[in-house]
Amino acid sequence: MDTLTPISTTTTDSYRPALHYTAKDTWLNDPNGLIFHDGVYHLYYQNNPLGNVWGNMSWGHATSTDLLAWTEHPVAIACDENEDIFSGSIVYDRQNTSGFGNGSVAPLVAIYTSAYKPGSMHEGVQAQSLAYSLDGGYTWTKHTGNPVLNRGSAEFRDPKVIRYDGDAGSYWVMVAVEAKDFQVVLYKSDDLKNWELLSTFGPANATGGVWECPDLFPLPVDGDPANLRWVLTVNLNPGGPNNGSAGQYFIGDFDGTTFTSASTITEGLQDADRLGEYRWLDWGRDYYAAVSFSDAPDNRRLMIAWMNNWDYANHIPTTPWRSPMSLAREISLQASDGKLCLVQQPAGDLAALAQPESFRLSETTIHDGVQVLAGAAGTVQRIDASFTPGSAEEFGLILRGDGTKGTRVGIRPGQAQLFVDRRESGKTDFHASFLSIDTAPALPQDGSYDLTIYVDRCSVEVFAQGGQVTMTELIFPAETSTDLAVYAVGGGATINSLKVTQLA
Ligand code: FRU
């Protein structure tokens with residue numbers, strides 16, 4: 001995290017997303033304590049209640065019934081003179097194992113990292129603490145016995161607690177990190193207060209930056225509940241595939257004690273040369289601290305990430321708010337060409353927001369150059385595009401454009417590569433590391449590249465290869481840059497179909 005200076009205050013509400021959560025007038029980072037409870041999705045998050053740069057870390061709070069429209073509530077768990085409230089999770093303690101219940105109401109229990117401040121009793125330590133709510137998550141009381149798990153470490157944080165029910169028994173399991181050791185640590189508990197070390201995982205695969213915000217969950221392969229695998233996700237910063245913050249995942253098994261990865265790469269080159277081989281939750285620059293909901297309905301595995309990157313997070317040109325959350329995504333596990341991989345799709349019912357007028361093209365050849373599509377302009381839209389490569393070395397879309405300038409989302413078929421080029425995306429000069437061309441490996445399916453793209457004022461989320469590859473990026477275009485264009489370089493390509501749906 002870098003030096004924090006407040007930005008100047010020009011109004012930037014043309015950047016305020018329509019479909020993504022932002023705090024009204026404050027800073028946010030990681031999603032925390034995601035839980036579905038009593039018919040409501042709760043999104044807590046790292047929040048500075050007093051400003052729009054990182055600091056005074058507390059848990060902000062918002063709720064939604066559809067994962068699209070969010071209502072902001074007062075700060076849920078506030079920092080005090082002793083501790084900042086760092087990331088963590090929430091469980092519904094149905095059996096009142098913690099004893100925080102009051103006889104008729106079972107508690108929601110938050111497990112968070114106490115980042116102890118200078119001069120406090122545990123100065124310099126990060127340890128795990130509890131708070132509980134008896135009113136469905138709106139007001140919280142800190143446990144008087146905090147911290148409940150202290151290793152004397154300065155880098156022990158981001159507890160995600162799940163209920164394990166399996167061959168080894170039934171108990172709470174915590175995954176957290178020793179961030180600088182590139183290690184996930186696993187603990188078990190019967191009452192959320194007393195914790196016993198189970199095992200550790202890592203270092204493994206990407207270790208170019210501290211490990212943060214882990215998660216562990218089972219998923220059925222191709223929807224078959226008899227064929228479960230466990231997924232361990234770990235965010236790291238920096239060290240992502242296109243620099244800075246990103247999230248990697250491992251697929252394997254968890255026997256109640258140990259997570260065993262089947263997707264760790266141990267052979268060959270240096271870490272920096274293998275980034276393309278690792279499994280990334282998202283290849284874009286702005287998808288960090290992804291974590292999943294507890295108790296999501298219908299056994300869905302739903303994740304939200306912070307849509308920003310520590311490389312430039314405190315400098316993005318929005319005010320008075322800073323940083324959106326990603327769209328909520330549904331995660332599933334597919335066997336594809338003999339390999340298991342995660343597949344992601346937006347979880348909310350975005351189709352319900354579709355406006356009747358949509359732009360369509362079928363079977364059209366694009367030639368060398370840029371062609372603006374009359375009638376396709378917009379700032380909040382879903383774009384479905386299917387391309388078949390021709391002689392062009394590169395082709396794709398220019399969105400939020402102004403003639404030939406804009407954000408390029410394209411394919412380089414010769415390199416089997418998807419990319420987002422934001423060099424001409426609008427405002428880029430607020431930080432040296434923002435300007436970028438970011439790439440992801442992408443393969444055609446039956447000869448075509450199919451992309452679904454969500455554009456929402458200051459962001460682009462690309463779902464490629466049926467959701468196996470995603471790229472999430474912030475952009476800061478001029479309010480008047482609303483064109484959508486197609487383009488090709490060095491030859492032609494075919495648009496099989498193109499559909500633009502305005503969302504409101
Ligand atoms: C990740 C992170 C966490 C920490 C929190 C502090 O972005 O650094 O590891 O708990 O942010 O705000």
Side-chain angles (χ1 to χ4, degrees), residues 6-22 27 52-53 242-245 282-288 306-327 369-374 376-383 385 394 396-410 418-440 451 453-462 470-487 489 500 502-503:
I7 53 160
S8 68
T9 51
T10 40
T11 301
T12 54
D13 264 354
S14 70
Y15 297 146
R16 171 99 65 179
L19 313 173
H20 294 74
Y21 180 71
T22 52
W27 161 272
N52 70 355
V53 291
N242 285 294
N243 294 317
S245 319
D282 193 282
W283 292 77
R285 298 286 294 286
D286 300 300
Y287 192 83
Y288 193 58
W306 175 48
M307 202 155 58
N308 207 337
N309 188 315
W310 282 120
D311 276 0
Y312 44 72
N314 281 290
H315 304 272
I316 63 167
T318 63
T319 187
W321 56 280
R322 208 185 244 123
S323 303
M325 291 297 178
S326 74
L327 291 176
V370 177
Q371 194 189 338
V372 175
L373 304 173
T379 59
V380 185
Q381 46 185 212
R382 169 181 169 149
I383 303 167
E394 169 182 329
L397 300 159
I398 304 179
L399 45 93
R400 291 308 305 274
D402 171 10
T404 57
K405 287 200 170 127
T407 301
R408 291 183 182 226
V409 176
L418 164 73
F419 67 91
V420 177
D421 178 350
R422 56 182 184 186
R423 287 173 303 168
E424 296 184 333
S425 58
K427 202 163 179 42
T428 57
D429 61 358
F430 53 88
H431 196 279
S433 71
F434 183 77
L435 201 115
S436 57
I437 310 176
D438 302 313
T439 63
L451 309 178
I453 305 170
Y454 291 90
V455 179
D456 187 12
R457 300 211 174 114
C458 69
S459 66
V460 180
E461 276 159 293
V462 186
T470 67
M471 286 191 87
T472 301
E473 302 247 331
L474 290 173
I475 52 169
F476 300 99
E479 197 169 354
T480 49
S481 296
T482 60
D483 288 347
L484 181 65
V486 289
Y487 81 101
V489 176
V500 181
Q502 309 293 343
L503 303 172

- Glu394: side-chain hydrogen bond (donor to acceptor under 3.5 Å, both in side chains) partners, not counting sequence neighbours: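 Glu394: side-chain hydrogen bond (donor to acceptor under 3.5 Å, both in side chains) contacts with Arg412, Tyr487.
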At what distance, to the nearest 0.5 angstrom, does [atom1] of [X] lie from [atom2] of [Y]?
X	Y	atom1	atom2	value
Leu435	Thr428	CG	OG1	4.5 Å
Cys458	Lys427	SG	NZ	14.0 Å
Arg408	Ser425	CZ	OG	12.0 Å
Glu473	Phe434	CD	CZ	7.5 Å
Ser459	Met325	OG	CE	13.5 Å
Leu327	Met307	CG	CE	7.0 Å

- Regarding Asn309 and Ser245, is there a side-chain donor-to-acceptor distance under 3.5 Å anywhere?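 There is such a pair (donor and acceptor under 3.5 Å, judged by atom type) between the side chains of Asn309 and Ser245.
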- Task: Go through the side-chain N and O atoms of Arg422 and Ser436 and say whether any donor and acceptor fall under 3.5 Å apart.
- Result: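 Side-chain D/A pair, Arg422 to Ser436: present.
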To check you understand the geometry: which heavy-atom pair defines the closest contact between [X] and [Y], and what is its length?
X	Y	answer
Asn314	Trp27	OD1-CZ3, 3.6 Å
Leu503	Tyr454	CD1-CD2, 4.1 Å
Leu397	Ala385	CD1-CB, 4.2 Å
Met471	Ala440	SD-CB, 4.0 Å
Val372	Ala485	CA-CB, 3.8 Å
Ala18	Asp456	N-OD1, 2.8 Å

Between [Y] and [X], is there a side-chain heavy-atom distance shorter than 4.5 Å?
X	Y	value
Pro477	Thr407	no
Arg423	Ile437	yes
Thr470	Glu461	no
Ile383	Leu451	no
Ser14	Thr379	no
Ile398	Asp483	no

- Query: For the side chain to side chain donor-acceptor pair (under 3.5 Å) test, which of Asp286, Asp282, Asp438 pairs with Thr472?
  - Reply: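 In the set Asp286, Asp282, Asp438, the residue that makes a side chain to side chain donor-acceptor pair (under 3.5 Å) with Thr472 is Asp282.
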- Item | Ion pair check, Asp402 and Lys405, cut-off under 4.0 Å |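 No.
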- Message: Evaluate Leu474 against Arg285 for side chain to side chain contact (heavy atoms under 4.5 Å, CB included), listing each step before the verdict.
- Response: CA-CA 8 Å; Leu474 290 173; Arg285 298 286 294 286; over 6 Å; no
[X] side chain vs [Y] backbone, donor-acceptor pair below 3.5 Å:
X	Y	value
Arg400	Arg457	yes
Asn242	Thr439	yes
Gln502	Gly378	no
Gln381	Ala376	yes

- Message: Parallel, tilted or perpendicular, judged at 30° and 60°: which one describes the rings of Phe476 and Tyr15?
- Response: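 Answer is perpendicular, since the angle exceeds 60°.
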- Task: Could I get the full list of side-chain contact (heavy atoms from CB on, under 4.5 Å) partners for Thr404, not counting sequence neighbours?
- Result: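 Counting only residues at least two positions away or on another chain, Thr404 forms a side-chain contact (heavy atoms from CB on, under 4.5 Å) with Val370.
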- Under the side chain to side chain contact (heavy atoms under 4.5 Å, CB included) rule, what do Asn308 and Tyr288 come out as? Steps first, then yes or no, please. CA-CA 7 Å; Asn308 207 337; Tyr288 193 58; over 6 Å; no
